[in-house]
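Each chain gets a letter, A, B and so on, in the order the sequences are listed, and its residues count up from 1.
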Amino acid sequence: MVDQKDKLHAMRHSLAHIMATAITTLWPETKLGVGPVVENGFYYDIDLGDTKISEDDFKQIETEMRKIISENQPFERSELPIDEAIQWAEKAGQTYKNELLNDLKRAGTTVAKDLDKDELGTITEGDSAVESVSFYRNGSFIDLCRGPHVESTGKVGAFKLMRVAGAYWRGKETNPQMQRLYGVAFATEKELRQYLHMLEEAKKRDHRKLGAELDLFVISPLIGAGLPLFTPRGTILRDELDKFAQSFRLNRGYQKVWIPHIAKLDTYKTSGHYEKFPELLKFTSTESGDELALKPVNCPHHTQIYASKPRSYKDLPVKYLETTTVYRDERSGELGGLSRVRAITQDDSHVFCSEDQVETVFSELLEDARTLYSQLDLELSLRLSFRDESDSYLGDPAAWDRAEAVIEKLAKQFELEYEVGIGEAAIYGPKMDFMATDALGRKTQLATVQLDYAQPERFELEYTGEDGEKHRPVMVHCALLGSLERFLSIYIEHVAGKFPVWLAPEQVRLITVNQEDKTVEFAEGVAQQAKDLGLRVHIDNDNVSVGKKIRNSELMKIPYTIVIGEKEIESGQVTPRVRSDMEVLKPHDSHAIDNFLKTVSNEMKSRTTKTSL
RNA sequence: GCCGUCGUAGCUCAGUGGUAGAGCAUCGCCAUGGUAAGGCGGGGGUCUGGAGUUCAAAUCUCCACGACGGCUCCA
């Protein structure tokens, strides 16, 4: 098994070399960057000066690659002293490789992050961190490379060039931008075809496509990019999800609050956001002269509710809950569908508590997140986001250490799978992020629980302790869904638009067989019964065929469709048509109308994903 | 913001320099129906916007805007 994985890795890596070989054959002036293996394939960064590769060139490159593959050139490894390697790079005009080699010589690494830390600025003659480097040769192509590779170019499996993208040299925005050519590769043609097929399937459940088809949200270029507008159906989804996520915390004594969406700029100067985030959206009120900003976070507002009166240790923990929208000026190229937007609605909560209450508050939220996500059928894992050694964090380092220790302890206690992300912390404290895995196996951060020692300090929050002294509370930030927008982008794709009954914007559709008064009146009666049970029901009385209306209902992914005609009016029985994905025990039974509606209503209340019809 | 691709009717798309098209949707008429598309007809486009080349531009060139895929960023 491990061998297979290593072999595939070598194939992909070898393909990166073969692609570089093809490109340097076609464009001899090409300067090469790096060409590593990535998930499902490989890429190579190249710089052709003013010439740009486009996807139209792929056919030519692929043809050249196949030529190299059919020649079955052996991959030969050789070792070169570092100084000779540098000479080679200079002679070949490979400036990027030259830079890498010099870093290797100087610091023994090419990892930019490590280099930044090191203060190994000078190279003394004859002294280097690395003695020699390895090269791989196939045909006339030579590349600095650690390997390993397959034996020869003929043994690389199936591949396809996918796309070309811009990528900064060594990932730094200030560096020149190179072109990155991505390819996918698998051991066999069959696996490649399966992968490409999976991509097609993923496209079908793209939340942007489903958002339009199911009439959930729209994005108007006039209103602006990254500012989605939710239709009546989409708003039902938002509200139901939000109600569900809030219910956990309401049960634990959280109290709802409300805040305005703007604040004086001073707020964010105090909180520290102003300094750190230039994307803060500010504007000036001409009347008062006050500088105002749209809120990029909710915590400062909530701190001021806390600070509005003296607090005793007996009041703690104080728990506020609010689903509200924050505004961030994300850069234009970063926006996309609902996953990155400029108006972000968070199901946010803030707890003000003493340090010895942190653990309880935190573990309650962990518990809730676990229940919530399992009910939504999403798998969770944890990422503990801790600080790195840079100085861009607020607050006392000793407090940070305590906080990080508490978080790691809880992660272990809950026996959740976790990884530690160094440098992923928020400016004011460490975080515990919940990574949800969706139906396509992709991991996204959704829920987050964050400890904060910094903001209570900055806003000078206090409570009076048992000892009669003033103490500083600790804040715990939490969003269980994260942002409603991003959550929906994942969730819509996870369920492919087939929402469980309790979330479906329309749960029951009544289709009339004809437009006679008798039929319409009967359907209206059924609809009213359904509404009385709290169900979301629509009547389709369009003057088209029954078959067509059934199809429309199926396309809209309505859980239950029932046809109303002579038979139903006389018998008072209906034969529900159940959406194709739902587990049905006895599909074509007929049910008394009120029993049917009650069953659906119970399914809604229990938030089940199965049907008991 | 940067690199690449794309922008034709509400949607999906055809149209390579010479009179703007199809399917679906919409509207009307006929058909009054039984579990995934009934029939016929009508309306709808400054071909994203602007400038240029040309006798002639949806089509070629440049600029702007927007969308998509990446990079960078993400409180």
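For the 3.5 Å distance criterion, the side chains of A:T345 and A:T325 qualify, holding a donor opposite an acceptor. Side-chain contact, A:S271 with A:Q455: no donor N or O sits under 3.5 Å from an acceptor N or O. If you check the side chains of A:K295 and A:T324, you find a donor sitting under 3.5 Å from an acceptor. Defined by atom type and a distance below 3.5 Å, a donor-acceptor pair is present between the side-chain atoms of A:D433 and A:T448. The closest side-chain donor-acceptor pair between A:E322 and A:N298, if any, does not fall under 3.5 angstrom.
Atom CD of A:E29 sits in a crowded spot, with more than 12 heavy atoms from other residues, nucleotides or ligands closer than 6.0 Å. At most 12 non-hydrogen atoms from other residues, nucleotides or ligands lie less than 6.0 angstrom from CD of A:E275. The 12-atom threshold is not exceeded at NZ of A:K31, counting heavy atoms of other residues, nucleotides or ligands nearer than 6.0 Å.
Across B:C71, B:C73, B:A75, the shortest atom-to-atom separation from the side chain of A:R340 is found for B:C73. With B:G34, B:A75, B:C71 as the candidates, the nucleotide lying closest to the side chain of A:V297 is B:A75. Of the candidate nucleotides B:C71, B:A75, B:A36, B:A36 has the atom nearest to the side chain of A:L555. Of the candidate nucleotides B:U35, B:A36, B:A75, B:U35 has the atom nearest to the side chain of A:T575.
Looking at heavy-atom distances under 4.0 Å, A:G171 makes contact with sugar-phosphate atoms alone, never a base. Residue contacts for A:Q515: at a heavy-atom cut-off of 4.0 Å it reaches a base atom on one of the strands shown. Using a 4.0 Å heavy-atom distance criterion, A:E568 is classed as a base contact. Backbone-only engagement by A:A225 is indicated by non-hydrogen atom pairs under 4.0 Å involving sugar-phosphate atoms exclusively. Residue-level contact check: A:A165 touches the bases, meaning some heavy atom is under 4.0 Å from a base atom.
B:A67 and B:U54: their C1' atoms are spaced 31 Å apart (whole Å). For B:U12 and B:G52, the P atoms lie 32 Å apart once the distance is rounded to whole Å. A distance of about 13 Å separates the P atoms of B:G21 and B:C47, rounded to the whole Å. Rounded to a whole angstrom, the distance from the C1' atom of B:G23 to that of B:U16 is 24 Å. One P atom belongs to B:G10, the other to B:U5, and the distance between them is 27 Å to the nearest Å. For the P atoms, the distance linking B:G49 with B:U59 amounts to 10 Å, nearest Å. Across B:G15 and B:G7, the matching P atoms stand 11 Å from one another, rounded to whole Å. B:C29 and B:A56 are spaced 47 Å apart, taking the P atom of each and rounding to whole Å.
If you take CG of A:D540 and P of B:G34, they are 16 Å apart, rounded to a whole angstrom. Summarising the geometry, the separation between CZ on A:R208 and C1' on B:C68 is reported as 7 Å, rounded to the nearest angstrom. Atoms OH (A:Y182) and P (B:C3) sit 16 Å apart, rounded to a whole Å. When the P atom of B:U35 is taken as reference, atom CD1 of A:I564 falls 15 Å away, rounded to whole Å. Distance, A:E330 CD to B:C71 C1': 15 Å, rounded to whole Å. In this structure, A:D45 atom CG and B:C71 atom P are separated by 11 Å, rounded to whole Å. In this structure, CG of A:N175 is placed 15 Å from P of B:C3, rounded to the nearest angstrom. Look at CD on A:Q346: it is 12 Å from C1' on B:C74, rounded to the nearest Å.
Residue side chain A:Q179 does not reach the base of B:G70 through any donor-acceptor N/O pair under 3.5 Å, judged by distance alone.
Using N1 to N3 plus N6-O4 or O6-N4 for Watson-Crick, or N1-O2 and O6-N3 for G-U wobble, each under 3.5 Å, B:U19 pairs with nothing. The partner of B:G34 cannot be assigned: no Watson-Crick or G-U wobble pair with both contacts below 3.5 Å exists in any strand. With both pairing distances under 3.5 Å, B:C40 is matched to B:G28 as a Watson-Crick or G-U wobble pair. The partner of B:G7 is B:C65, judged by Watson-Crick or G-U wobble contacts that both fall below 3.5 Å.
Listed pair A:R170 / B:U72 fails the phosphate criterion, with no side-chain N or O lying under 4.0 Å from OP1 or OP2.
The line from CD of A:E493 to CG of A:D206 is 5.0 Å long, rounded to the nearest 0.5 Å.
The minimum heavy-atom distance between A:F352 and A:H302, with the atom names listed, is CZ-O, 3.7 Å.
The 5' end of RNA chain B is approached more closely, in terms of each residue's nearest nucleotide, by A:N514 than by the other of A:R163 and A:N514. Toward the 5' end of RNA chain B, the nearer of the two residues A:G337 and A:A425, judged by each one's closest nucleotide, is A:G337.
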Footprint string (nucleotides 37-45 of chain B, 5' to 3'): B base within contact, S backbone only, - free, heavy atoms under 4.0 Å:
BS-------
